[in-house]
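Here's the structure we're looking at; comments come further down.
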Amino acid sequence: MSLLLHTGSMATTKEAEPSIERSLSLTFMGDWGQANFHRICSWLTQEFCDRAGPRSRVGIYNMRGGGMEALEQVYSGEAHLSIATPVALLPAALTGKGLFAPLGPMPSLRALAALPQRDRMMLAIHPRFGIHSYADLHRVKPALRIATSSDDGTNFIGYVAMRLLEAHGITKEVLESWGGSFVLTTRPEQAIENMRVGNADAVLQEAIMTPWWRQLMEEHKLVPIPAETDALARLTSEHGWQPASIRAGFWDSEFNKEDIPALDFSDFMVLVRDDMPDDIAYLLTWCLVEQRAAIEVQYKHMDPERSPLSYPLEPAKMAKPSIPLHPAAERYYKEHGHLA
């Protein structure tokens, strides 16, 4: 895929504001169409094209699966930029480990920024089962229908969800031996909806800041199942994933009087390839940081901890993704004092 439509060079239209004289045609990979990656891509498209040649344009493509195609298409050159979450999962893409083993290493992936999103993955169960812990699950062995995302080799949510259950001694075979089953979909809201309408007895998902989760916890009175310390330690040791918690009182629920141990599922990563031309990567990074107020304002009607993009965006944190920065992005952060 060609990046260039016309020849030209980097220019500066005013102090500290870069631009590109030539016109460019880029392809971004967003999300399924209605979530936050598309919104972020749209914001970045406008800011970038305002500072690029007059015929510049960006196509924002949707994904159909669970996130893998966003990395594949950047790595293969079909797309120039994508967004992925959680950031803790992404170092394995460079080495081809874990979820990424079937594809092999993608060592040329680089980051432009990490964008804050405070998220957790948690299991919650209908109160009629009287289950309050993973120990209870193993003792009672209930025939639960658990709504979650598919662990199909493409879905980041499903992959992490199944590893979380396995760390607690619950595999597909164990669940089926209890008479239970998984109710599998792709997106978070699909799993939440299966729980809401009674197609499932439990839900294992991320996106805890959403109104969907709040409705389940406060109106349907779901019981959160605290992740066990040993299980979280195993996930850290084997995958590098970190323990986290949902603060006491996050939901108006009798089961949220104390912090709820959970698995961290935080932050978005803006990804490109290491051979993206420096002037393009630099301008994109400049837009992400210097024009961040234009995306923050789109979320400020929500409290920061309930926003699917946390704010304020802090440049020093944006400069520290979980995989190496593109050299031009690193140069931007250093020049502006955000990275030593």
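Please read all numbers here as calculations on a predicted model, not as lab measurements. Reckoned from all heavy atoms, side chains included, excluding hydrogens, waters and symmetry mates.
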Let me check something: any side-chain donor-acceptor pairs from residues 308-319 under 3.5 Å, sequence neighbours excluded? List them with distances.
residue, atom, partner, partner atom, Å
Ser310, OG, Arg118, N, 3.1
Tyr311, OH, Met302, O, 2.4

Please name the pair of heavy atoms, one in Leu81 and one in Leu284, separated by the smallest distance, quoted to 0.1 Å. CD1-CD1, 4.1 Å

Between Asp201 and Arg128, is the closest basic N to carboxylate O distance under 4.0 Å? yes

In one Ile/Leu/Val/Met/Phe/Trp/Tyr side-chain cluster, 4.5 Å: Leu165, Val174: yes

Test item: Pro54 and Ser23 side chains (from C-beta on) under 4.5 Å apart, heavy atoms: yes

Please verify the inter-ring angle class for Phe129 with His126; under 30° counts as parallel, over 60° as perpendicular, anything in between as tilted. perpendicular

Run the ring pair (Phe, Tyr, Trp, His ring centres under 6.0 Å) check on His138 and Trp178 step by step: do they pass? CA-CA 10 Å; His138 283 282; Trp178 299 346; 5.8 Å; yes

Ion pair check, Arg163 and Asp151, cut-off under 4.0 Å: yes

For Ile225 and Ile260, what are the C-alpha separation, side-chain angles and deciding distance, and is it a side-chain contact (heavy atoms from CB on, under 4.5 Å)? CA-CA 8 Å; Ile225 306 303; Ile260 304 166; over 6 Å; no

If we only count heavy atoms from C-beta on, is the Pro86 to Ser266 side-chain gap below 4.5 Å? no

Might you point out which heavy atoms bring Tyr75 and Pro105 nearest each other, and give the distance in Å? OH-O, 3.6 Å

Compare all side-chain heavy atoms of Leu112 with those of Leu325 and state whether any distance is below 4.5 angstrom. no

If I take atom OG from residue Ser108 and atom CG from residue Leu94, how far apart are they, to the nearest 0.5 angstrom? 8.5 Å

Output yes when a side-chain donor or acceptor of Ser322 lies under 3.5 Å from a complementary backbone atom of Val87, and no otherwise. yes

For salt bridge (charged side-chain N to carboxylate O under 4.0 Å, His left out), just list the numbers for Glu17 and Arg51, CA-CA rounded to whole Å, side-chain angles, deciding distance to a tenth of an Å, and then say yes or no. CA-CA 9 Å; Glu17 180 165 321; Arg51 295 164 178 85; 3.1 Å; yes

Hey, are Thr154 and Glu69 close enough side-chain-wise for a donor-acceptor pair under 3.5 Å? no

Under a 3.5 Å distance rule, please check whether Trp213 uses its side chain to pair with a backbone N or O of Glu206 as donor and acceptor. yes

Under 3.5 Å, side chain of Thr285 to main-chain N/O of Ala281, donor-acceptor pair present? yes

Distance col, row Gln205:CD vs Arg120:CZ, nearest 0.5 angstrom, shows 15.5 Å

Checking side-chain hydrogen bond (donor to acceptor under 3.5 Å, both in side chains) for the pair Tyr282/Glu330: CA distance, chi angles, key distance, verdict? CA-CA 9 Å; Tyr282 189 97; Glu330 183 176 7; over 6 Å; no

Candidate list Thr236, Asp119, Leu235, test side chain to side chain contact (heavy atoms under 4.5 Å, CB included), partner Leu263, passing option: Leu235

Evaluate side-chain contact (heavy atoms from CB on, under 4.5 Å) for Ile83 paired with Met269, printing each intermediate quantity in order. CA-CA 5 Å; Ile83 304 174; Met269 183 98 74; over 6 Å; no

Given side-chain contact (heavy atoms from CB on, under 4.5 Å), test Arg292 with Leu288 step by step and report yes or no. CA-CA 6 Å; Arg292 62 190 184 277; Leu288 284 162; over 6 Å; no

Without swapping roles, check the side chain of Arg331 against the backbone of Asp278 for a donor-acceptor pair under 3.5 Å. no

Donor-acceptor contact below 3.5 Å, side chain Gln298 vs main chain Ala294: yes

Membership question, hydrophobic clusters at under 4.5 Å side-chain separation (ILVMFWY): are Ile192 and Ile125 in the same one? no

Taking all non-hydrogen atoms of both residues, which atom of Leu137 and which atom of Pro142 are closest, and how far apart? O-CD, 3.6 Å

Sequence neighbours left out, cut at 3.5 Å: what donor-acceptor pairs do the side chains of residues 155-162 make with other protein atoms?
residue, atom, partner, partner atom, Å
Asn155, OD1, Ile157, N, 3.0
Asn155, OD1, Gly158, N, 2.9
Asn155, ND2, Thr186, O, 3.1
Tyr159, OH, Leu99, N, 3.4

His220 side chain to Leu222 backbone, donor-acceptor under 3.5 Å: no

Would Leu89 and Leu109 show up in the same hydrophobic cluster when neighbours are defined by side-chain heavy atoms closer than 4.5 Å? yes

Taking Asp259 for the side chain and Ala248 for the main chain, is one N or O donor matched with an acceptor at less than 3.5 Å? yes

Point-to-point distance, once rounded to the nearest 0.5 Å, from NE2 of His326 to CZ of Arg110: 9.0 Å

Taking all non-hydrogen atoms of both residues, which atom of Trp212 and which atom of Ala207 are closest, and how far apart? CZ3-CB, 4.4 Å

So, do Ile60 and His38 sit near enough that their side-chain heavy atoms are less than 4.5 Å apart? yes

Does Leu24 belong to the same Ile/Leu/Val/Met/Phe/Trp/Tyr cluster as Trp43, with side-chain heavy atoms less than 4.5 Å apart forming each link? yes

Return all side-chain donor-acceptor pairs below 3.5 angstrom for residues 249-257, not counting sequence neighbours, or 'none' if the list is empty.
residue, atom, partner, partner atom, Å
Ser253, OG, Phe255, N, 3.0
Asn256, OD1, Phe250, N, 2.9
Asn256, OD1, Trp251, N, 2.7
Asn256, ND2, Arg247, O, 3.2
Asn256, ND2, Glu258, O, 3.3

Heavy-atom side-chain contact between Leu175 and Lys172 under 4.5 Å: no

Heavy atoms, side chains only, cut-off 4.5 Å: are Arg234 and Trp241 in contact? no

Would Glu305 and Met209 satisfy side-chain contact (heavy atoms from CB on, under 4.5 Å), going step by step from the backbone distance to the final call? CA-CA 7 Å; Glu305 69 174 355; Met209 77 296 293; over 6 Å; no

Is there side-chain contact between Leu115 and Asp267, with at least one heavy-atom pair below 4.5 Å? no

Pair Phe28 and Tyr61, ring centroids less than 6.0 Å apart: no

Heavy-atom neighbours of Gln34 CD exceed 12 at 6.0 Å: no

Do any N or O atoms from the side chain of Ser237 and from the backbone of Ala233 form a donor-acceptor pair under 3.5 angstrom? no

Please report the closest heavy-atom contact between Ala262 and Ala227, naming both atoms and the distance. CA-CB, 4.0 Å

Of all heavy-atom pairs between Ala147 and Ala191, which one has the smallest distance, and what is that distance? CB-O, 3.5 Å

Evaluate the side-chain proximity of Leu164 to Phe265: yes if any heavy-atom separation is below 4.5 Å, no if none is. no

Verify same cluster id: Phe37, Trp32 (apolar side-chain graph, 4.5 Å): no

